[in-house]
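Before any comments, here is the structure.
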Amino acid sequence: MAFEGLQERLQGTLKKMKGKGKVTEQDVKEMMREVRLALLEADVNFKVVKKFIADVKERAVGQDVLDSLTPGQQVIKVVNEELTKLMGGEQSKLRAAQKPPTVVMMVGLQGAGKTTTVGKLANYLRKEHNRKPLLAAADIYRPAAIDQLQTLGKQLDMPVFSLGDQVSPVEIAKQAVKQAKEDHQDYVIIDTAGRLHVDQELMDELQQIKEAVSPDETLLVVDAMTGQDAVNVAESFNNQLDLTGVVLTKLDGDTRGGAAISVKAVTDTPIKFAGIGEKSDALEPFHPERMASRILGMGDVMTLIEKA
Amino acid sequence: SKTRDSFVGAMNDLMKDYRTVDEDFFEELEDILISADVGVHTVMDLIEQLKDEARLRNIKDAKDIQPVISEKLAEMLQKSANEAAINEQPGELTVILFVGVNGVGKTTSIGKLAHQYKEEGKKVVMAAGDTFRAGAIEQLEKWGERVGVDVVKQQAGSDPAAVMYDAIQSARSKKADVLLCDTAGRLQNKVNLMNELSKVKRVLGREIPDAPHEVLLVLDATTGQNAMSQAKAFQEATDVTGIVLTKLDGTAKGGIVLAIRYELDIPVKLVGLGEGMNDLQPFDATQYVHGLFAEVLEQTDTDDENS
Ligand SMILES: Nc1nc2c(ncn2[C@@H]2O[C@H](COP(=O)(O)OP(=O)(O)OP(=O)(O)O)[C@@H](O)[C@H]2O)c(=O)[nH]1
Ligand SMILES: Nc1nc2c(ncn2[C@@H]2O[C@H](COP(=O)(O)OP(=O)(O)OP(=O)(O)O)[C@@H](O)[C@H]2O)c(=O)[nH]1
Ligand SMILES: [Mg+2]
Ligand SMILES: [Mg+2]
């Protein structure tokens, strides 16, 4: 990557702090400057960064250094704890309906990875939980969106529900759920067209789908490479659709993925899955604590503490 | 309403008439540029330059420094008037290769550009070089139908380099003016896939010595700092000649192109402003920078009227 992780960044400051017994304001200030840069370069939203830094500073200044820790270690420990807290600690599972089918709706910006994730999630549910999903093609706008889902269905040997591109997505979603009930499928996973969070007409359409089929999960699919705008997107989708979770895609890249923190901070819903490749098996449950160290570029935090 | 949440709102507050140009001012300006995804390093350098400039020109009021900021940013983005132009080969086949990570808008931009050239009366052929992603060939075919342009394709799963070879032969025999080559999206850290892309480019060059005449890297304006890593890797694999900045119709500003220009000197050539076939425009630096500030000024005006 073009930038260093927090580890390299902090090395100099840490050296200077060695052997001190108390964390001074100046020490913390110097370290926080580096923490701030690392977070910004990782695409964490600048407002989230500001609040984060303020919280950490408050906790770190004036602390007596624990017997086993140097001031440097102490600060890193606080940074890591606060960040993990922000990421949401526990891993979170998919909700299931009282009475099947469980309805899952994918929403998000154009090109985020919704259609691919529909296929991956279906594959995951079958493989890990022995479930029978139906894929619903409710993107009638993007050229060949239906072909794309049908091809994925064929590759996975799973049913795809489509009414072509001349029927409204609301109707398609409704009929798909009906079909799933008749066929005793456990899940209906609805693919929707990508849309901008500021496109009111298309955002209304999602609300209508939601009203029509009351999904158990409304998942925002977010590209892990998203920059500062992630907060606006997430806030907008959340306000209008009451998200139940997030899927972070393209984590197989070399992005730090600071958008994860931004999205978590503004929606306060868990990130449930991570996309880690283009193929249908490239989906895994999301691990918040691993994400925290990825964002900071810290590798193993404990090793860093030992070195400091 | 003053919303500190938006770029516009922030810039608006920043430029208020009574503001003086001091440390606070520059700190806020820094936040604003960072919120537009301009790279952190670039922002720091830029702020230093602006501080110098303010001192030099003895600028005290915020409103007086605004043109300086616009000027600096535009200068940074565009160094000569003609650099956004596509390198066309009059009377011969112009070959344009599109590259980029997954889902940024390569196929769509090709469809839009095909439409544009077609409208200019040129004969266009598109090559379905994404043989990997589900429905990718069908997607390009739909664009072909929509804008009335032929698509050269092979079966899903076939070798993209072979598709390119075919496409060149076909474009030649049709006496086409432009060949637009689609490729599968790939993340820049996938070595095999980047090598495959270099090969695709080499095949084009073997058939026509100067081809491809443009290698356009498609970047999604929503992308943050990772776009820099994308630009570096694709630059290395394919000698990128220009950037297509897509999805500028959203709220993201795509400010990372400033950093890319600053560090790698790759110019933006086209911008995507929607999903329709007419939503592609040549890049204009002044307009782009104005876009960052114009809304601000408009809002300042309405605020003034309201107060
Ligand atoms: N490397 C990688 N690529 C992914 C991942 N998820 C999706 N993609 C790719 O990203 C691109 C866009 O994925 P789609 O599923 O078509 O995205 P979408 O959100 O349905 O797009 P629209 O329907 O156009 O809004 C495709 O090239 C996918 O193969 C991932 O986790 N890793
Ligand atoms: N709002 C908006 N959407 C766009 C723009 N350009 C492309 N899109 C949408 O972004 C999504 C992805 O576009 P594609 O052209 O399929 O992207 P790609 O780079 O070819 O994707 P892969 O081949 O999967 O890597 C589609 O839903 C497009 O309609 C744009 O300028 N504005
Ligand atoms: Mg889709
Ligand atoms: Mg494509």
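Values in this document were obtained by computation on a predicted structure and should not be read as measured data. A note on names: the letters A, B, ... follow the listed sequences, proteins ahead of strands, and every chain is numbered from 1.
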Strictly by modelled atom types, are [X] and [Y] linked by a side-chain donor-acceptor pair under 3.5 Å?
X       : Y       : result
D229(A) : T251(B) : yes
T42(B)  : E263(B) : no
D281(A) : N123(A) : no

Looking at residues at least two apart in the chain, or sitting in another chain, which of them share a ring-ring contact (aromatic ring centres under 6.0 Å, His included) with Y124(A)?
->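 Residues passing ring-ring contact (aromatic ring centres under 6.0 Å, His included) with Y124(A): H129(A), F273(A).
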By a 4.5 Å heavy-atom criterion (distance strictly below it), what part of E138(B) contacts chain A: side chain, backbone, both, or neither?
->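 Both parts, backbone and side chain.
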For V104(B), is it the side chain, the backbone, both, or neither that has a heavy atom closer than 4.5 Å to a heavy atom of chain A?
->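 Neither part.
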Determine which pairs satisfy salt bridge (Lys or Arg N to Asp or Glu O under 4.0 Å) with at least one residue from residues 151-160 of chain B, sequence neighbours left out, and list them in order.
->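 Residue pairs passing salt bridge (Lys or Arg N to Asp or Glu O under 4.0 Å), neighbours aside: E141(B)-K153(B), D159(B)-K199(B).
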Is there any salt bridge (Lys or Arg N to Asp or Glu O under 4.0 Å) pair reaching into residues 103-118 of chain B, and which pairs are they, with sequence neighbours excluded?
->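 Those involving residues 103-118 of chain B do not exist here.
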Most contacts with chain A, counted as non-hydrogen pairs under 4.5 angstrom, among G111(B), G103(B), A134(B), G254(B) |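 That would be A134(B).
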Pick from R146(B), R186(B), R133(B), K247(B): which one has the most heavy-atom pairs with chain A under 4.5 Å?
->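 Maximum pair count with chain A is reached by R133(B).
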Most heavy-atom pairs under 4.5 angstrom with chain B, which of L37(A), D43(A), D147(A), L109(A)?
->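 The answer is D43(A).
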Among Q150(A), Q155(A), R142(A), K154(A), who wins on heavy-atom pairs under 4.5 Å with chain B?
->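 Going by pairs under 4.5 Å, I would pick R142(A).
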Using non-hydrogen atoms and a 4.5 Å limit, figure out which bit of L149(A) sits close to chain B: side chain, backbone, both or neither.
->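 Contact with chain B: none, neither part.
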Given that the side chain runs from C-beta out, which part of D252(A) has a heavy atom under 4.5 Å from chain B: side chain, backbone, both or neither?
->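 Contact with chain B involves both backbone and side-chain atoms of D252(A).
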Under a 4.0 Å N-O cut-off, is there an ion pair linking E235(A) with K47(A)?
->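 Salt bridge flag = no for K47(A) with E235(A).
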Considering only heavy atoms from C-beta outward, does the side chain of R256(A) approach that of V44(A) to under 4.5 Å?
->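 No. Closest side-chain heavy atoms not under 4.5 Å.
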If every non-hydrogen atom of V35(A) is compared with every non-hydrogen atom of I53(A), which pair is closest and at what distance?
->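 Minimum heavy-atom contact is CG1-CD1, 3.9 Å.
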Residue-level interface, residues 110-119 of chain A with chain B, non-hydrogen cut-off under 4.5 Å =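 Interface residues of residues 110-119 of chain A: Q110(A), G111(A).
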Evaluate whether atom CG of D157(A) has more than 12 neighbouring non-hydrogen atoms of other residues, nucleotides or ligands under 6.0 angstrom away.
->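 Result for CG/D157(A): open.
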